[in-house]
Structure formats: C-alpha cells, structure tokens
Amino acid sequence: SFDNRYVISFDGGYQGVFDFQAEEYIDYKWMGLEYLWNGCKVLDASPISYEYAWHDHHAYTKVTNHLKTERINFWDFNDPLNIELTDSIMCGMWDEADLPWTCFLSTKHNKIITANTFSHNLSIINATTHEVDTFITVSEITNVTSITDDIGILSGVDFEKMYLFDLNPLSIIQQLQVCAPYGGYDITILPSPDHQYFYVHNRGETKLIKFQIDGTNAIRIDSLLIEDRFVFYVNWESRYSPEISPDGMNILFQGMNGIQIVHTGRMDIECVVPTPNSHLFDMAFTPDSKRVCLAHGFMYDYYSVIYLNGPYSYLEHTINVGKDAGMGCEYNPIDGKFYLLTQYNILTADPASGLLMDTIFLNASSRLMQIGIDPLGNPVTQGLRHLQYNGQEYYLRECCEPFKVYNESYQCLIPRPGPDNVFVLDFLTAEISELPTS
C-alpha cells in the first residue's frame with residue numbers, strides 16, 4: 001500500500017491483506033475455484049488510497065478450449081476486514097491477438113510456420129519476403145514442431161489429438177490420438193536427431209509415447225509412464241522441457257529425486273542420478289552425449305554436470321558461480337565449452353574438469369533467460385524483454401517465448417506473443433526483423 005503498511009496478495013485462489021503493524025493477515029479468504037483457475041494476479045496498489053487492482057488473464061494463455069473473458073477488478077480496502085469490489089473492466093470476450101507461442105523454419109521449403117491459436121489457423125510465411133502467403137484453417141493448436149525436412153507436428157496444450165503436417169502440399173496428412181479427451185495437458189514433442197522417431201510427452205497423463213516415422217505416416221510403437229517435476233519462473237511458461245541427447249539414445253527428465261534418464265530404445269528408466277535440488281530450467285549436452293549441464297535457476301549458486309554412462313551415470317561436477325546463477329546453458333562446439341548464464345552476463349566452463357574459464361560481459365538490461373550459439377560460436381541471449389547479440393541489444397517490448405537457432409540459414413527465430421509477431425535475427429547482418437503473423 002502507499003503508506004507501506006499493507007501487502008496485498010493473491011495466491012492459489014486466496015486473496016490476502018497482510019498488516020505489518022499487526023504482523024499478521026487481517027484478511028485472507030478463499031475467493032472460489034473461478035479465481036483459482038483463471039490465475040488472478042495483483043497488478044498494483046494505488047499511490048494515494050487504500051485501493052488495488054488485479055487481473056485474471058495472465059494464466060492459461062495456451063489453453064485453447066477456454067476462450068474466456070478478460071477483466072481487471074478494482075478493490076477498496078479502507079476497511080480491510082470488509083474488502084469491497086468497486087469496479088470491473090471487461091477487456092474483451094475473446095483474446096484480440098493470436099499469441100504465437102512457437103514457430104519453426106523450414107530451410108528446404110523456405111517457409112516459417114506458426115500457429116494463430118485464437119484465429120484457428122496456421123500462418124505460412126515466406127522466409128525471404130517475410131510476407132504471409134498462406135492461411136490454413138486448423139483449430140486448438142498452440143505448438144508447431146518440425147520433425148523432418150518435410151513434416152511438422154501440430155499440437156495443442158489441452159488438445160487430445162495432434163496432426164502430421166506435410167510441407168509439400170501444405171496440408172494435414174494424418175491425425176493421431178495422444179491422450180484421453182480433455183486429459184492431456186502440456187504436450188511436448190521431441191524429434192529424434194536421425195528423424196526416424198519422435199516422442200510425445202503428455203505431462204497431464206505422465207506418459208511418454210514413441211512414434212516411428214514411416215514416410216508420411218507415424219506409427220505408435222511404445223509408451224512409458226513417467227512423471228516429471230517442474231518449477232515456474234516469472235510466468236507460467238518459464239520452465240524446463242525434457243530433452244533428447246544428440247545421439248538419440250536418452251531423454252532426460254527432472255524427477256522428485258534427481259534426473260531420470262530414459263533409454264529411448266527400450267523405453268524404460270535406465271537410472272536416476274541424484275541432484276542437489278529438484279529445480280531445473282535448462283540443460284545442454286556435449287556433442288558426444290557424454291555430459292549434460294543443468295541450469296537450476298536464480299535460487300541456487302551453481303550449475304551441475306552429469307556424466308552419462310547408461311546405468312552408471314553420475315553427478316560429475318558442481319560448478320559454483322557464487323550468487324550469480326542463471327536460467328540457461330548451452331554447449332559451444334567451436335571452443336568446446338559450456339556457456340552458463342548469470343543474471344546479466346555469461347561464464348564459460350570446461351566440461352571435463354568443471355572449471356570456470358572466462359567471463360563474457362553483456363551487462364544485459366533485463367535478467368537473462370535463454371542462451372544459444374550461432375554457427376560461428378558467438379552467443380545469442382534473451383532476457384525478459386531484450387535480446388543480445390554481437391555487442392548489440394535489441395528491445396523486444398514484451399516477454400518472448402524461447403528462440404530457436406537455425407545454423408543452415410544463419411538465423412534465429414523468436415516468437416513474441418505480445419502479440420502477433422515473430423522476430424527473425426539474421427546472424428550475418430546482425431539485423432532483426434519483426435514479422436506479423438496474421
């Protein structure tokens with residue numbers, strides 16, 4: 001509050017007012033399931049009176065089955081024991097923007113593909129002219145993933161099916177059931193490096209499904225029950241996803257007691273490597289698939305390195321970085337080092353010894369969330385609202401989704417759901433382009 005006496009909170013459906021003088025909550029009440037599911041968040045308190053505002057549209061942004069109203073509510077707490085709703089602004093019956101969460105570049109077809117969730121279509125963008133040349137109607141899709149040069153997967157966070165999409169005729173060629181109706185939440189697609197298989201992780205049903213790619217068909221061949229643990233940072237989207245090793249032999253998951261290593265051939269949990277904590281935001285493999293570096297986030301002062309050796313895998317190094325740990329890591333094939341994000345700079349470390357080597361000073365304007373490496377070994381990093389590359393910093397205005405580096409075309413694609421844009425960074429010119437998707 002403006003006089004520093006009260007703190008207003010909204011947590012898991014409970015609205016609270018904490019009084020510093022009384023050192024206790026003077027109001028803490030359950031608001032109902034509607035407020036829990038909508039994921040309400042306090043926006044701000046008045047600078048002159050006992051009033052505050054919160055909104056209900058920051059969560060479930062990828063849930064395609066719920067086109068919900070969006071609102072901002074204003075509350076008066078002059079009498080903290082009787083908080084009163086004084087006004088409510090409706091922001092729109094449907095989301096006005098399409099919010100592109102993922103995209104991919106097909107260098108073979110010179111196309112950028114992204115999903116327009118609320119317009120129920122795909123945008124096919126010419127990668128040279130940066131113009132949308134095709135819209136294809138398809139509903140309940142939030143994620144697009146390339147699995148071969150010619151085939152992509154279209155999936156939704158809360159959609160029980162997924163589609164194989166052929167980039168030659170630009171059409172859906174197969175529909176696959178991946179979970180029970182309304183039972184699948186948070187679907188992740190993991191293509192194998194050899195483009196022979198892909199894996200579907202359905203976090204809602206704690207299941208990993210293996211598919212074989214047979215021409216233009218996908219054949220379900222195996223599955224495994226596996227539960228992972230994840231934590232959020234900043235919003236619902238800043239968290240890790242399981243990743244597949246460069247040789248395609250293992251998929252790594254964060255479990256309750258450590259890193260679960262899944263053998264993709266047998267589709268079983270080969271071993272669990274205990275780790276000092278269960279927080280994981282990113283991982284990076286060496287090209288020989290012998291080591292993987294783990295980023296644990298700002299709460300911890302170290303990175304971990306696991307030596308991968310089948311059932312004999314073990315925690316090899318804990319790289320202490322002081323009080324400056326970060327959210328992301330990457331392996332640089334040019335100098336053979338792990339690149340570790342701090343909050344605003346980069347540290348490099350030797351994978352074999354775990355020793356810190358150098359510091360790359362970026363002095364980023366916002367906390368760093370992701371790092372990638374361009375084809376020449378130069379780092380590209382993304383903060384909450386900025387991108388850093390080649391000594392330049394680009395203002396992205398809104399929080400963007402994870403980017404993807406394309407070595408063949410010397411480009412980096414960054415989806416920006418704030419709204420309707422995909423950024424394209426050209427590594428050769430260090431220029432960034434903003435592509436409308438609808």
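Position 1 is the first residue of the sequence, and the numbers go up from there.
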**Study point:** Audit row: V272, I261, side chain to side chain contact (heavy atoms under 4.5 Å, CB included) steps and yes/no
**Key:** CA-CA 6 Å; V272 177; I261 301 176; over 6 Å; no
**Study point:** Trace of the side chain to side chain contact (heavy atoms under 4.5 Å, CB included) decision for T102 with T145
**Key:** CA-CA 8 Å; T102 59; T145 308; 6.0 Å; no
Exercise for review: Check the pair D228, R239 against salt bridge (Lys or Arg N to Asp or Glu O under 4.0 Å), reporting the backbone distance first and the verdict last.
Suggested key: CA-CA 12 Å; D228 70 340; R239 55 182 167 158; over 6 Å; no
Practice item. Begin with the C-alpha distance, continue with both residues' side-chain angles, and end with the deciding distance and a verdict on salt bridge (Lys or Arg N to Asp or Glu O under 4.0 Å) for K290 and D288. Key: CA-CA 5 Å; K290 288 297 185 182; D288 60 6; over 6 Å; no
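A salt bridge is defined here as a Lys NZ or Arg NE, NH1 or NH2 lying under 4.0 Å from an Asp or Glu carboxylate O, and E140 with K161 fails to meet this definition.
Side-chain contact check for I244 versus P193: some heavy-atom pair is nearer than 4.5 Å. Taking the side chain as every heavy atom from C-beta outward, Q388 and Y344 never approach each other to under 4.5 Å. At a threshold of 4.5 Å between non-hydrogen side-chain atoms, the residues S9 and Y25 count as touching. Inter-residue side-chain proximity for N143 and V157 is flagged as met; some heavy-atom pair is nearer than 4.5 Å. Counting heavy atoms from C-beta outward, L341 and I346 have side chains that approach closer than 4.5 Å.
With hydrogens and angles ignored, the 3.5 Å screen pairs no side-chain donor or acceptor of Q260 with any backbone N or O of I226.
Ring-centre distance between Y312 and Y314: not below the 6.0 Å cut-off. The distance between the ring centers of F427 and Y389 falls below 6.0 angstrom. The six-membered or imidazole ring of Y331 lies away from that of F285, with a centre-to-centre distance of 6.0 Å or more.
Of all non-hydrogen atoms in S304 and L315, the two that sit nearest each other are CB-CD1, 3.7 Å. When all heavy atoms of D194 and Y197 are compared, the closest pair comes out as OD1-N, 4.2 Å.
Y240 carries R203 over the face of its six-membered ring, with the cationic atom under 6.0 Å from the centre and within 45° of the normal.
Here the CD atom belonging to Q382 is positioned 8.5 Å from the CE atom belonging to M369, to the nearest 0.5 angstrom.
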Atom pairs and distances, side-chain donor-acceptor, residues 206-216, under 3.5 Å, sequence neighbours left out:
{"from": "K210", "atom 1": "NZ", "to": "T264", "atom 2": "O", "distance (Å)": "3.0"}

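With K111 as the fixed residue, the salt bridge (charged side-chain N to carboxylate O under 4.0 Å, His left out) test singles out one of D150, D149, D133: D133.
By the ring pair (Phe, Tyr, Trp, His ring centres under 6.0 Å) test, F230 is found to be paired with F232, residues two or more places apart in sequence or in another chain being considered.
No more than 12 heavy atoms of other residues, nucleotides or ligands shown are found within 6.0 angstrom of CG on N257.
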